[in-house]
Visitor: 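Pasting a structure below so you can have a look.
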Amino acid sequence: MDFSTKLINWYSVNKRELPWRETRNPYYIWLSEIILQQTQVKQGLPYYNAFVSKFPTVFDLAKASETSILKLWQGLGYYSRARNLHHSAKYIVDTLDGKFPDNYKDLLKLKGVGDYTASAIASIAYNEVAAVVDGNVYRVLSRYFGIDTPINSSTGIKDFKTLASTLINTNQPATYNQAIMEFGAIQCKPKNPDCTVCPFQDSCMARKNQMVDVLPVKLKKTKVTVKYFNFLVFIDHHKKTLFEKRTTKGIWQHLYQFPLIESKKSLTAEEFQLLNFKEHYLEIEVLDYSLYNEVDIVHKLSHQHLHTKFWIIDVKSLPKDAILIKSLTKYPSPVLISDFIEQFGF
DNA sequence: AACACGGGGTG
DNA sequence: CACCCAGTGTT
């Protein structure tokens, strides 16, 4: 029995029931694939259901505000996915007259859709013979064929894509692609896979050569930078505060936060006073201020550790663009901020 | 080619 | 703590 048939047989027995497997609607397939980029099924599933429920068609998504889409995306991370989703929905509705791209080449033109996602949608929704290569596929192929080429090197990316293209079952591309990914997720797991129950245990090169725990090979690890964030939580007697949209390039673009002052180190109250935050907000008359968290809250992202202090600042009045504290939760904000809002309670 | 981009889960 | 996750866009 050949590789793809064996995989498909395994899949027919072991596959999970997932809502995006109950449809061929390209819009729903697209939604699920974007949500699942760098995201585990367990984490993405409730977001998928929320998006399908709130935006049942691409037209609903296209006419929504970016803020409402980011609000529904809140907590999922990699927020450019949500912004690109909106951009592409408008492109489909406005430029393509609502006709969803129906092949790999045209799908690739959508913002936020790269080689993997274009292949996934083309195969799953339209049964196009386009091989997917995601983290699961890299792992399964590198182990089964015993390939130690780094999966994130240029040659590795090219070679694995070529190999995947030779293996795909051309009669059942949709099923094959989902089968190999599901196999990687459930059987050929990153850590401690149970190879004794694996259907490929007799032909797997990694198992034969005891390389299961070192494959796939990946270049370099992420280096983490440390940053120090001071959030200014203004409160006036109208129960209003300042909440700003992040327009800068880096993390959390277009999400909302309390006014932020970044420092070179963790500040004491005295140092914070010396820093004289009032310089940043000349027009605001400060009555009193205090530190909410004595110990820094360390918010860990994959490439940054954010050491955070929340300064509670009582003020007499605030500028016109202040918003009611009660309405804070209507805005999309980073988990770090929404957690604070919930715990502080105001 | 290297890096930035989130947050949750696992061993 | 290190690594992984149905990757993509930018530099």
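Computed from a prediction, not measured in an experiment: that's the story for all the values here. Chain letters run A, B, ... following the sequence lines, proteins first, then strands; residues in each count from 1.
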Visitor: Working to the nearest 0.5 angstrom, can you tell me the gap between A:K15 NZ and A:I186 CD1?
Guide: 11.5 Å

Visitor: First locate atom OG of A:S290, then atom CD1 of A:I312, and finally report the distance between them rounded to the nearest 0.5 Å.
Guide: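 If I round to the nearest 0.5 Å, the distance is 6.0 Å.
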
Visitor: Give the nucleotide from the list C:dC1, B:dC5, B:dA2 with an atom nearest to the side chain of A:K300.
Guide: C:dC1

Visitor: Could you check which of B:dC5, C:dC4, C:dA6 has an atom nearest any side-chain atom of A:P190?
Guide: C:dC4

Visitor: The side chain of A:H303 is closest to which nucleotide in this list: B:dG7, C:dG7, B:dC5?
Guide: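 Out of B:dG7, C:dG7, B:dC5, the nucleotide with an atom closest to A:H303's side chain is B:dC5.
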
Visitor: State yes or no: are the ring centers of A:Y144 and A:F3 separated by less than 6.0 Å?
Guide: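 Close enough - the centres of the two rings lie under 6.0 Å apart.
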
Visitor: Can you say whether a donor on the side chain of A:Y78 sits under 3.5 Å from an acceptor on the base of B:dG6, or the other way round?
Guide: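 Flag set: donor-acceptor pair detected.
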
Visitor: If you pin A:G135 and A:K249 to their nearest nucleotides in DNA chain C, which one's is more 5'?
Guide: A:G135

Visitor: Could you measure between the two P atoms, the one in B:dG9 and the one in C:dT8, and give it in whole Å?
Guide: 24 Å

Visitor: Check every strand shown and say whether A:G114 touches a base, only sugar-phosphate, or nothing at a heavy-atom separation below 4.0 Å.
Guide: sugar-phosphate

Visitor: To the nearest 0.5 angstrom, please state how far the CD1 atom of A:I147 sits from the OH atom of A:Y138.
Guide: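 Going from CD1 on A:I147 over to OH on A:Y138, the span is 11.5 Å.
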
Visitor: What is the distance, rounded to the nearest whole Å, between atom CG of A:L219 and atom P of C:dC4?
Guide: 12 Å

Visitor: Base, sugar-phosphate, or nothing for A:S32, non-hydrogen atoms under 4.0 angstrom?
Guide: nothing

Visitor: From the list C:dA6, C:dT8, B:dG6, which nucleotide is the closest neighbour of the side chain of A:I251?
Guide: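 Nucleotide nearest to A:I251's side chain: B:dG6.
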
Visitor: Remember a base hit wins even if backbone is also touched, and classify A:G44 as base, sugar-phosphate or nothing at under 4.0 Å, heavy atoms.
Guide: nothing

Visitor: Would you mind classifying the nucleic acid contact of A:W20 as base, sugar-phosphate or nothing, using non-hydrogen atoms under 4.0 angstrom?
Guide: base

Visitor: Reading DNA chain B from 5' onward, which residue's closest nucleotide shows up sooner: A:R81 or A:K191?
Guide: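 Of the two residues, A:R81 wins.
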
Visitor: With DNA chain B as reference, determine whether A:S302 or A:N192 sits nearer its 5' end, using the nearest nucleotide of each.
Guide: A:S302

